[in-house]
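In what follows, chains carry the letters A, B, and so on, assigned in the order in which the sequence lines appear, proteins first and then strands, with residues in each chain numbered from 1. No experiment lies behind these values; they were computed from the predicted model shown.
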Amino acid sequence: MTEKYEFWNIEERWQGEWERLESFRVDEASDLPKYYLLEMFPYPSGRIHMGHVRNYSIGDVIARYKRMRGFNVLHPMGWDAFGLPAENAAIANKVHPARWTVENIDYMRAQLKQMGFSYDWARELATSDASYYRWEQVFFLEMLKRGLAYKRNSAVNWCTGCETVLANEQVVDGRCWRCEQEVLMRELPQWFFRITAYAEDLLAGCDDLHGWPDKVLTMQRNWIGKSIGAEIRFPLVGREGDLAVFTTRQDTVYGATFVSLAAEHPLALELSEGTPQHGAVREFAQRVKRISHSRRGDVETEKEGIFTGSFCLNPFTGENIPIYLANFVLMEYGTGAVMAVPAHDQRDFEFARKYGLPVRPVIHPRGATLAAEDMTEAYVADGVMADSGDFSGLSSEEGRSRIAAFLEERDWGKGTVRYRLRDWGISRQRYWGAPIPVVYCDRCGMVPVPVDELPVRLPTNVEFTGAGGSPLANLPEFYETECPTCRGPARRETDTMDTFVESSWYFARYACPDEDRQPLDRKRTDYWMAVDQYVGGVEHAVLHLLYARFYTRVLRDMGWLSVAEPFTNLLTQGMVIKDGAKMSKSKMNVVDPDDLIRRYGADTARLFTLFAAPPEKDLDWSDQGVEGAHRFLNRVWRFAMRHRERLAEVAADSGRIPSSGALKELRRRLHWTIKKVTDDIEQRFHFNTAIAAIMELHNTLGSMSPEDLRQEDGAALAKAALETEIVLLAPFVPHIASELWQRLGHTEALADVGWPEYSEAALVEESRLIVVQVNGKLRGKISVPADADAERIETAALADARVAAFIDGRDVRRVVQVPGRLVNIVIE
RNA sequence: GCCGGGAUGGUGGAAUGGGUAGACACACGGGACUUAAAAUCCCGCGGGCCUCGGCCUGUGCCGGUUCAAGUCCGGCUCCCGGCACCA
């Protein structure tokens with residue numbers, strides 16, 4: 001009688017074994033080369049979903065594979081534990097965010113253990129622990145000292161209902177996502193990280209990230225958005241001062257017939273002072289300022305503006321040109337003022353036509369001349385400069401560099417570079433986040449909390465009502481404090497940090513999670529960093545991955561790390577799709593990992609998610625596909641159990657060349673499979689084709705004749721094939737593989753077994769199948785000895801009966817050979 | 001609008017430096033075992049024609065390069081993702 005595949009017992013037993021033996025615990029005292037594999041840590045939302053199963057299955061294959069290849073593999077797991085959902089749960093269910101978070105972590109940790117992922121649990125961390133965020137407060141103070149953290153007034157989304165700041169993602173159609181009240185823009189003092197100081201470095205660093213997908217690098221480059229151009233100062237008419245504008249098209253400056261300002265521009269109101277339109281200008285500016293950024297940023301919004309009543313001088317043409325406010329000019333980019341060139345910018349063109357401003361073409365396409373009256377849209381391409389003084393006749397490109405030089409010569413401006421990247425706003429008017437460690441004193445102003453008084457802990461006795469803004473701002477026990485400098489009364493900062501700050505350095509903390517005297521232990525981070533392979537969803541292509549790159553540079557400059565780039569290689573996995581849509585509660589298409597584990601086991605769940613698609617593509621969920629994966633594991637199990645006794649009688653041997661043809665084929669396939677699986681994992685993480693290859697090996701093994709199995713050499717080869725198959729399966733389905741390995745009589749842990757080697761010689765076939773084409777079309781197949789030379793193959797091809805029939809006496813013009821594969825006979 | 005990525009059987013997907021298109025699996029059809037069902041095993045499975053040995057055709061569409069194109073080049077169509085009034 002053969003025993004059944006009782007996955008529930010097997011999986012529980014091996015998970016217990018790995019835990020008991022601390023099988024995946026690592027330290028720095030190892031002679032093996034290090035390998036740091038990391039998957040993006042989860043937010044403890046309650047339970048794991050299929051996206052997690054996929055992400056962590058992919059990571060676990062790589063971790064287990066690298067271990068078998070002889071690496072000292074760091075594979076940690078933790079929790080991105082601060083964030084809004086905990087607070088919302090507190091409001092809705094009257095559960096404290098800390099308790100909600102801890103309970104979720106406990107449940108999800110158990111789920112991850114049930115999946116059999118090979119984490120070093122000794123390094124587990126949760127970002128909401130003071131033992132984690134205290135170090136973030138240390139970093140903050142250091143950044144403050146270096147001018148990398150600063151506070152300034154900034155326009156924010158303000159929900160009139162909840163009386164709180166909202167992230168851009170929380171504004172839906174200009175309304176609050178939760179209470180649906182109107183969202184307005186409001187100026188509030190906010191904390192920022194000066195990521196823009198690293199814009200050029202972050203951009204240049206992209207060129208060296210050869211292990212990242214091009215798609216992600218492109219997105220990062222676009223996000224940083226470098227523009228090379230010039231700053232030009234337009235002197236104000238009838239008063240002191242000037243207006244600085246930024247342009248990338250200084251070659252069009254002779255066509256600048258007005259200047260447009262953002263509503264937030266410091267001179268916006270001043271310039272209309274004392275003019276009849278002052279009231280109208282004020283009203284316009286206020287109206288525009290209140291519109292949320294998402295709505296103002298809409299291309300469809302009609303271009304609108306108002307004349308300020310003032311003029312400035314275009315220093316190139318000597319003309320006085322009007323100054324307008326315009327709703328499409330952004331204060332955050334450039335200088336908040338643009339020189340308007342209607343003939344060569346589509347927005348300025350529309351604006352000029354609407355308000356009757358002059359359109360003056362100063363760039364002509366090669367071999368043509370533009371006339372303002374005939375233009376129906378702006379000519380935005382490069383061309384030849386005209387009506388541009390001494391610069392006329394130059395190409396746009398040449399003109400740009402000449403004018404930039406000319407600006408500096410005359411001190412009218414200079415060539416300059418601008419980035420779209422903005423400083424990172426990290427203030428959140430929220431409870432469940434890391435407190436920003438500063439206090440405000442009436443006498444001393446803003447004072448950092450001294451390092452030895454850290455951490456500034458989150459208070460626990462908090463009411464969550466969902467109204468009246470941040471709970472911390474309503475808690476005198478928290479914000480009433482004394483000034484560290486003068487010991488007078490002071491008010492504590494009640495903003496907390498964006499949760500993206502925690503996830504910007506957790507990977508470094510995994511190197512030394514128990515370090516309690518300093519944030520990072522340079523010795524240990526130097527050993528483990530950078531992360532050799534990072535795995536996660538592509539949705540983090542910009543935010544998290546850019547913040548982490550920035551923060552790593554900051555930590556390097558502060559001396560905490562030696563590397564500039566945190567992640568050497570990046571694998572972005574696709575989404576899990578069912579019935580044509582991403583799995584989500586609202587779509588009612590969620591498959592719960594718990595159900596899957598209960599019905600089929602973790603190995604089946606892992607196998608299916610790895611087999612159904614290559615990692616970077618979206619994965620189409622299929623219940624029947626899961627069944628299929630489960631059936632395969634059953635087949636492997638039954639085969640091993642059925643032949644266990646026979647195989648125990650022989651020693652595994654795949655070196656010897658067996659007698660029968662079928663066995664020779666099995667031996668060749670065995671070695672080929674090792675090569676195929678190794679290459680698929682090593683070179684491109686294509687686990688689906690690796691698993692397919694193992695299935696093919698199993699199919700060949702399974703169709704072995706009873707006669708071959710009775711033979712000594714047959715049984716020895718079968719044993720080698722089965723054991724190799726189990727070892728190759730180990731990274732994918734570790735429980736069943738471990739169980740079978742043990743049942744086949746091995747005492748050594750499968751995780752410690754080395755990855756199998758293949759023999760190049762064993763791949764060579766005795767005879768090869770050569771495809772014969774006539775004029776590029778498949779006409780026959782011939783079998784030739786492996787060592788046959790080209791001449792012999794050609795002769796054999798021409799002699800093939802079917803091929804001869806197609807040639808049918810016609811002249812052979814040419815014969816093309818692909819060595820060992822194909823012959824193409826070209827006839828007239 | 002700009003920047004990426006993609007389109008291959010009924011389905012998910014293979015084909016890695018142009019060289020047998022459809023590996024592996026799912027679904028489906030037929031058969032074996034069974035009193036029956038499930039499970040398992042075997043056979044078939046792009047389309048069309050067929051004298052059953054084959055023949056023609058086929059990788060979104062149109063054209064090109066090549067002895068040879070899913071793969072390279074030019075021009076389209078549609079789908080997905082990101083950014084989006086960035087001066």
Sub-6.0 Å ring centroid separation between A:His630 and A:Phe7: yes
Sidechain N-carboxylate O distance under 4.0 Å for A:Glu3, A:Arg644: yes
A:Asp620 vs A:Lys777, nearer the 5' end of RNA chain B by closest nucleotide: A:Asp620
Side-chain donor-acceptor pair present, A:Arg360, A:Thr257, cut-off under 3.5 Å: no
Validation row, ring centre A:Trp424 to ring centre A:Tyr547 under 6.0 Å: yes
Bracket string, RNA chain B, 5' to 3' - pairs by Watson-Crick or G-U geometry under 3.5 Å, | interstrand: (((((((..(((......[....))).(((((.......))))).((((....))))..(((((..]....))))))))))))....
Ring centre gap for A:Phe732 and A:Phe611 strictly below 6.0 Å: no
Pair A:Phe234 + A:Trp412: ring centers closer than 6.0 Å: no
Protein-nucleotide distance (A:Met641, atom CE; B:rU40, atom C1'), rounded to Å: 17 Å
In B:rG9, glycosidic geometry as syn within 90° of 0 or anti otherwise: syn
Separation between the C1' atoms of B:rC80 and B:rG60, rounded to whole Å: 15 Å
Aromatic plane relationship, A:Tyr355 with A:Tyr324 - under 30° parallel, 30 to 60° tilted, over 60° perpendicular: tilted
No-H, no-angle donor-acceptor pair, A:Arg422 side chain to B:rC86 base, under 3.5 Å: yes
Contact nearer the 5' end of RNA chain B, comparing A:Pro614 with A:Asp348: A:Pro614
Rounded interatomic separation in angstrom, taking CG from A:Asp618 and P from B:rG81: 9 Å
Contact residues, residues 215-230 of chain A to RNA chain B [heavy atom, < 4.0 Å]: A:Lys215, A:Thr218, A:Met219, A:Asn222, A:Trp223, A:Ser227
Integer-rounded Å distance: B:rC26 P and A:His630 NE2: 13 Å
Euclidean distance, atom CZ of residue A:Phe351 to atom C1' of B:rC85 [Å, nearest integer]: 12 Å
